[in-house]
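Chain identifiers are assigned alphabetically (A, B, ...) following the order of the sequence lines, protein sequences preceding nucleic acid strands; residue numbering begins at 1 within each chain.
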Number of protein chains: 2
Amino acid sequence: MNMEKTVFQPLYRQTEVLLTQALKAGEWPPGGLIPSEQELALRFGVSQGTIRKAIESLRADKLLVRRQGRGTYVASHREEAAQFRFLKLRPDERPPHALRSEFLDCTRLKAGQDLARALDLQASAVIVRVRRLLWEREQPVVYEEINLPGHRFKGLSAERLSAYQGPLYGLFESEFGVRMVGGEEKLKAVIGPPEICQALRVPAGSPLLYVDRVTVSYDQAPVEARRAHYVTREHHYAARL
Amino acid sequence: MNMEKTVFQPLYRQTEVLLTQALKAGEWPPGGLIPSEQELALRFGVSQGTIRKAIESLRADKLLVRRQGRGTYVASHREEAAQFRFLKLRPDERPPHALRSEFLDCTRLKAGQDLARALDLQASAVIVRVRRLLWEREQPVVYEEINLPGHRFKGLSAERLSAYQGPLYGLFESEFGVRMVGGEEKLKAVIGPPEICQALRVPAGSPLLYVDRVTVSYDQAPVEARRAHYVTREHHYAARL
DNA sequence: TAGTGGTCTAGACCACATA
DNA sequence: ATGTGGTCTAGACCACTAG
């Protein structure tokens, strides 16, 4: 009988969606200040407490950063705190520190079936593929292949990559307006392919940690498919339960 | 309102601590109902809103489960929802399903330096060590060694383990009053040791995913050190960013 | 119908940053 | 001194569950 189920969404969820849309539209730049609770409450026609709950949810998802006395900011990959959120490789003994990036090449090609599925594209769509090594001191520890939808990364080139200082996702957000907000990784232990072992300066046949990442932007839209091999001889992948 | 300047903690944090202590003391059993917000507010002398915030924090940490119209319950490892929180190995293609446990042995020995440090014990303290295989259908996929502080797991034996049906952490919480609430894992890709490859029915020299877990109970006290080898030929370790 | 948690509001006051 | 977010309270009403 009662076929119509109420599609009830609480006000603070609706407000959260509106805020996310504003973020997605780039209404406030990464690292920028968003309006105060009072202003937002007025704009959306809800109480301050409701706005607060919506903001708290976005803060928990690391889309916003709150600073008492100063205001609420759009999270940015350029901040110190965000550096180790996406790279979970840590030295076994020493404290972690930033890795140096060496770009190998940057090419454009057709996505193909697998990547098209991962990135929610047509198999004939063009993607940009970046390959690089990450070095810790004089030892490479990561070899990775980064695949991006071509239409969202138009001017990306080897020169532009090499010229940029800082985390890759920082470049993506400031130069291409694509902000990575989350992702999933699938890990396997594999015997490293010969050419990758060579690039990583480890003996042929060494075990490597294979990491398959799909990174998403606002609304969980996939915008990056990354396949990496980690050297875990003196490092480990850190996960929380 | 007792607010010391130097050690200021908001009221809802203090309330959270009190609730955690009650949980730790076993005032309400796992799976059991805790008092309503009204009762707790009265008991701790704070408003309902403050109690709500404390409970929400514990719910986010998966120590409590709330059900509208019914009440707030102590989280339990026997519930369906908690099954895959600690084992992140998933089949590449098929949907995940519960694994069968085969216990190999259960022995008592001195902790030694490494385990003593991980479990916060004296090196001379006695630990219980359980070794087992986890099977998916007719194929073993996990070999693991589980180390527990002997004084908290007095009657644990091979017979008792084999007799119990369901998740291991369910037995720990109901039989020994030790509830696992979180943990950290360190992952490495390794060449499987011969005896472990043999137990897992994979060729000698196969790459395996080595997982070093430290599991904690209330107040982040370590209560388990687990070393496992995963077969990732048709499975992967799933992680979120 | 009674009791639970879930949502929403309004207002007061505190802590912090900046000018 | 002003404006921001952070905490705490009180009360109203809604949604869900169970007897």
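In this view, B:R160 and B:E175 satisfy the side-chain hydrogen bond (donor to acceptor under 3.5 Å, both in side chains) rule, not counting sequence neighbours. With sequence neighbours excluded, no residue satisfies salt bridge (charged side-chain N to carboxylate O under 4.0 Å, His left out) with B:R90. Partners of B:K62 by side-chain hydrogen bond (donor to acceptor under 3.5 Å, both in side chains), not counting sequence neighbours: none found. Residues satisfying the ring-ring contact (aromatic ring centres under 6.0 Å, His included) test with A:F153, not counting sequence neighbours, are A:F172, A:F176. Every residue meeting the side-chain hydrogen bond (donor to acceptor under 3.5 Å, both in side chains) condition with B:Y237, not counting sequence neighbours, appears here in chain and number order: B:E185. Annotation: salt bridge (charged side-chain N to carboxylate O under 4.0 Å, His left out) contacts of A:E145 (sequence neighbours excluded): A:R129. Qualifying ring-ring contact (aromatic ring centres under 6.0 Å, His included) partners for B:F44, counting only residues two or more places apart in sequence or in other chains: none.
Checked by distance alone, B:R52 brings no side-chain donor or acceptor within 3.5 Å of a matching partner on the base of C:dG5.
A:Y169 and A:E224 form a side-chain donor-acceptor contact under 3.5 Å, judged by distance and modelled atom types alone. Side-chain N/O atoms of B:Q9 and B:Q14 include no donor and acceptor closer than 3.5 Å. Side-chain atoms of A:S217 and A:R179 include no donor-acceptor pair closer than 3.5 Å.
In DNA chain D, runs of at least 3 stacked Watson-Crick or G-U pairs (N1-N3 plus N6-O4 or O6-N4, or N1-O2 plus O6-N3, all under 3.5 Å) give these stems: C:1-18 with D:1-18.
B:K53 has no side-chain polar atom (N or O) that falls below the 4.0 Å cut-off from OP1 or OP2 of D:dC8. In this model, the phosphate group of D:dT17 is not approached by any side-chain N or O of B:R67 to a distance below 4.0 Å at OP1 or OP2. For A:T72 and D:dT4, the shortest distance from a side-chain N or O to OP1 or OP2 is not below 4.0 Å.
A straight line from CD1 of B:I55 to C1' of C:dT4 spans 11 Å, rounded to a whole angstrom. Between the P atom of D:dG5 and the CZ atom of A:R59 lies a distance of 14 Å, rounded to the nearest Å. Computed from coordinates, the B:L40 CG to C:dT4 P distance equals 11 Å when rounded to whole Å. Look at CZ on B:R66: it is 15 Å from C1' on D:dT17, rounded to the nearest Å.
By the 4.0 Å N-to-carboxylate-O rule, B:E102 lies too far from B:R132 to be salt-bridged with it. Looking at A:R213 and A:E184, no side-chain N of the basic residue comes within less than 4.0 Å of a carboxylate O on the acidic one, giving no salt bridge. Note on B:R13 versus B:E16: salt bridge recorded, some NZ/NE/NH1/NH2 to OD/OE distance being below 4.0 Å. Comment: A:K188 engages B:D92 in a salt bridge, judged by a side-chain N to carboxylate O separation of less than 4.0 angstrom.
Listed by residue number, the members of residues 22-38 of chain A with any heavy atom below 4.0 angstrom from DNA chain C form an empty set. Residues from residues 12-20 of chain A with heavy atoms under 4.0 angstrom of DNA chain D: there are none.
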With 3.5 Å as the limit, what N/O pairs link the protein to nucleotides 16-19 of chain C?
none

Pull out every protein N or O sitting under 3.5 Å from an N or O of nucleotides 9-11 of chain C, one pair per line with the distance.
| residue | atom | partner | partner atom | Å |
| --- | --- | --- | --- | --- |
| C:dT9 | OP2 | A:S47 | N | 3.1 |
| C:dT9 | OP2 | A:S47 | OG | 2.8 |
| C:dT9 | OP2 | A:T50 | OG1 | 2.2 |
| C:dT9 | O5' | A:S47 | OG | 3.4 |

